2 protein chains.
Amino acid sequence: MLDNLDKDIIQSLEADLEEGQVEQHKAMLTEAHPADIAELVEDISLDAGKVLFAQLPAELTAEVLMELNPELRADYLEDYSGTQIATLLVENLDSDDAADLINELDDPIKKEVLSKLEDQKQAKDLAKLLVYPEDTAGALMGTELIRVNAKWKVLQCVKEMRKQAEHIEKVHAIYVVDDNNILLGTLSLKKLLTTSTQTPISEVYSKRVQSIEATAEAEEVANTMQKYDLVVIPVVDALGQLVGRITIDDALDFIRDEAKEDYNLASGLTDEVESSDTILRITRARLPWLLIGLVGGLLAASVIGRYETDLELLPQMAFFIPLIAAMGGNVGVQSSAIIVQGLASQADMGNILARLLKELGVGLLNGIILGITIIGAGLLLGYSTLLSLTVAVSLVSVIVAAALIGTFVPLFLDRYKIDPALATGPFITTLNDILGLFLYFQIGRLLLGL
Amino acid sequence: MLDNLDKDIIQSLEADLEEGQVEQHKAMLTEAHPADIAELVEDISLDAGKVLFAQLPAELTAEVLMELNPELRADYLEDYSGTQIATLLVENLDSDDAADLINELDDPIKKEVLSKLEDQKQAKDLAKLLVYPEDTAGALMGTELIRVNAKWKVLQCVKEMRKQAEHIEKVHAIYVVDDNNILLGTLSLKKLLTTSTQTPISEVYSKRVQSIEATAEAEEVANTMQKYDLVVIPVVDALGQLVGRITIDDALDFIRDEAKEDYNLASGLTDEVESSDTILRITRARLPWLLIGLVGGLLAASVIGRYETDLELLPQMAFFIPLIAAMGGNVGVQSSAIIVQGLASQADMGNILARLLKELGVGLLNGIILGITIIGAGLLLGYSTLLSLTVAVSLVSVIVAAALIGTFVPLFLDRYKIDPALATGPFITTLNDILGLFLYFQIGRLLLGL
């Protein structure tokens with residue numbers, strides 16, 4: 001394994017590669033796992049990487065390229081012609097990876113690659129895969145699978161499997177179909193091993209099989225595979241015909257990307273950024289949210305501005321502005337995070353009114369506990385009773401309002417097919433800030449008689 | 001499939017079960033997937049659930065119980081004696097699930113269950129599994145696997161596999177060991193199918209196998225399986241002896257739980273709560289963070305209190321308190337989210353100083369853009385030039401300070417083995433709020449001459 005290479009080794013390797021001295025590393029490289037080589041490639045310069053790829057067998061190059069992040073892959077692909085991509089890369093990849101690679105290419109080169117494939121069956125299979133829209137089961141699936149007819153006997157089945165297995169890297173499951181390629185079930189390796197060779201498959205296969213339609217969304221694929229603990233799921237068309245299979249690693253990438261996206265949105269980052277990205281790229285991912293925050297801050301300033309005379313009379317009102325604003329923001333994020341997670345796991349959210357009533361309960365309970373605490377603290381710290389009371393009443397109002405907004409907004413966004421995770425970010429915090437300040441100063445006017 | 005049962009059906013089923021009318025549902029239940037039945041059980045009352053379990057075969061009951069969330073499982077287990085748990089449940093589960101179940105029991109009943117197991121080999125295997133600390137490879141692994149000796153020929157191998165497969169639900173891989181049970185590699189189904197029966201295994205097995213030590217942390221298991229796209233990974237002891245295997249679904253549960261935990265921490269929720277939990281439970285998960293926010297708010301109040309005379313002279317200073325506080329919070333969360341994600345994916349974080357310098361760059365760039373924007377906006381909205389300048393300078397300072405704190409705190413926590421995701425929650429937001437306000441008022445004193 002190339003795992004945990006330290007900086008020095010990477011630097012000396014990089015220097016060797018840039019000087020074209022690759023012979024001494026060749027043995028290590030061709031024995032390493034593609035994922036390990038990819039990690040190495042991500043750490044070295046583009047020039048050193050190109051020298052490295054020139055040394056690898058085409059099959060390994062193809063696999064390593066697919067392990068890279070898409071931007072870096074595009075950089076390396078610039079040096080390849082359509083014909084090279086077809087014969088050196090695509091022909092060495094499984095159908096799902098091959099389709100992913102082709103999908104990343106620009107339109108003219110995409111067509112060139114498909115036309116240059118030597119294996120006509122592969123070209124046809126790929127063309128079929130390319131039809132499916134991104135993030136559907138069809139786009140995630142591969143076509144490499146073992147398929148046996150329910151009418152066959154075990155012996156014939158083994159013979160056919162041998163033929164089919166030649167073109168397949170890893171056998172995850174044996175699918176049983178009828179004469180029309182309709183998926184009937186699966187045959188376990190266990191049954192295959194323990195049944196006499198003259199038994200018909202129809203007597204031993206398992207009819208209990210979870211499948212998914214090619215048009216299903218990737219999210220549904222991921223949820224189904226997680227729910228039923230599947231490592232591979234067969235994909236069928238509208239007629240129930242077996243068209244492919246999705247392995248858990250592809251679904252897993254999707255699950256991970258989704259989780260990361262939600263987390264980023266909640267943290268106020270627009271793009272997927274990594275700690276190794278450039279300052280400019282990180283700034284670009286952050287600035288939009290900060291600008292929203294800035295506009296929110298200016299709005300908050302104008303809300304407070306309306307109460308300037310009150311502030312002149314009682315400057316102490318200003319002391320609790322951060323408390324009120326922060327609480328509104330915190331409660332809003334808490335409420336919406338629960339909803340967003342519920343929506344992501346496709347839990348039954350019940351009707352909106354019932355959810356809002358529940359949030360009302362949670363908000364009131366939290367608010368009253370915190371309100372009593374703040375009155376106690378206020379008296380202890382020597383603030384006036386009326387000011388403490390104002391803060392406490394405002395706090396309860398803000399918490400209830402923020403809880404309701406935090407619940408309603410993501411449900412509302414989801415209904416209109418907008419990513420509800422947007423609601424957990426700085427956007428909702430800012431909204432709650434402003435509302436909270438308005439409530440605080442209004443309640444102050446009422447209770448303090450300003 | 002029981003999938004997508006609507007409310008009406010669940011309610012009528014629940015009523016039937018509570019009245020003991022189960023016969024008409026029995027066929028549907030025994031044919032359903034355990035995960036589907038578990039979903040149903042989570043929707044109905046405990047009493048109805050008990051009637052339902054009484055109708056299921058013990059094997060199915062055991063599987064359904066393991067699909068429930070741990071709290072609900074504990075509720076149902078209360079009715080079982082140690083002997084019943086041993087003979088009805090544990091003996092019907094795979095070793096990894098069985099160990100998980102036993103680990104959830106209280107100590108006295110745990111021992112009783114182990115002593116009542118009829119299968120002495122299973123009891124010994126389980127006792128071995130129970131030794132591993134939570135969240136290690138040993139605790140995640142199961143012992144059901146197919147193991148062949150490298151010296152055997154293909155024919156003998158198939159015979160032995162038949163014997164071993166009888167006790168195993170799903171065969172994921174065939175492991176090749178030597179006479180001392182040292183893991184040598186794997187034998188692919190493809191090779192097994194396509195090789196003549198007299199070939200020795202040693203000639204056809206693949207030596208390239210990723211394994212993991214039983215003492216490795218669950219996080220490492222998950223990262224390794226993701227990196228190498230594995231659906232199953234063999235587990236070895238310190239000597240390299242094959243002791244078990246971990247399937248991706250168990251690693252996946254861990255990955256999902258971790259992601260959820262990070263997300264919850266960032267959203268200010270202490271426990272894993274779901275939208276279906278009770279008001280009391282949701283309140284309990286939220287209150288601690290809100291109390292931290294409250295204390296933070298009081299501290300902020302006392303910081304502002306030190307500048308009461310300044311506020312009396314220029315109440316407009318109060319207008320921008322929310323802006324400064326919100327910006328500090330937002331930038332802090334953005335910075336720490338990037339670090340937390342980097343740490344979670346075990347990316348190389350480089351040295352702390354380099355990271356801080358980079359954040360300094362990002363913070364300055366963001367700060368200057370936003371600072372110029374706020375001066376423009378301030379002049380446009382009619383605020384005094386000096387006040388706008390004060391806000392702009394404070395904004396740059398706050399953003400830089402928050403970016404540095406947001407970077408440093410998670411790295412610091414991680415170094416001392418504390419979950420760095422803690423740093424993304426209300427804790428850091430509050431810290432940045434207070435610091436920001438202090439900077440704002442100090443800069444105001446300097447520039448405005450208050």
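No experiment lies behind these values; they were computed from the predicted model shown. The sequence lines fix the lettering, A, B, ..., with proteins before strands; numbering per chain opens at 1.
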Under 4.5 Å from any heavy atom of chain A - which part of [X]:
X: S188(B); value: neither
X: L294(B); value: both
X: R162(B); value: both
X: D433(B); value: side chain
X: L299(B); value: neither
X: L291(B); value: both
X: I146(B); value: neither

List the atom pairs, with distances to 0.1 Å, where a side-chain N or O of residues 326-335 of chain B and a protein N or O form a donor-acceptor pair under 3.5 Å, not counting sequence neighbours.
unit_1, atom_1, unit_2, atom_2, d
Q334(B), NE2, G268(A), O, 2.5
Q334(B), NE2, R286(A), O, 3.3
S335(B), OG, R286(A), NH1, 3.4
S335(B), OG, R286(A), NH2, 3.3
S335(B), OG, V331(B), O, 3.0
S335(B), OG, E359(B), OE1, 3.1

Under 4.5 Å between any side-chain heavy atoms of [X] and [Y], yes or no?
X: Y228(A); Y: D36(B); result: yes
X: E39(B); Y: K227(A); result: yes
X: I282(A); Y: K358(B); result: yes
X: L381(A); Y: S302(B); result: no
X: F319(B); Y: V303(A); result: no

Query raised in the report: In chain order, what residues pass the ring-ring contact (aromatic ring centres under 6.0 Å, His included) check against F320(B), with sequence neighbours excluded?
Result: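 F320(B): ring-ring contact (aromatic ring centres under 6.0 Å, His included) contacts with Y383(B).
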
Requested in this report: Kindly compute the distance separating CG (L287(B)) from CG (N366(A)), expressed to the nearest 0.5 Å.
Outcome: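 Atom-to-atom, L287(B):CG and N366(A):CG are 5.0 Å apart.
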
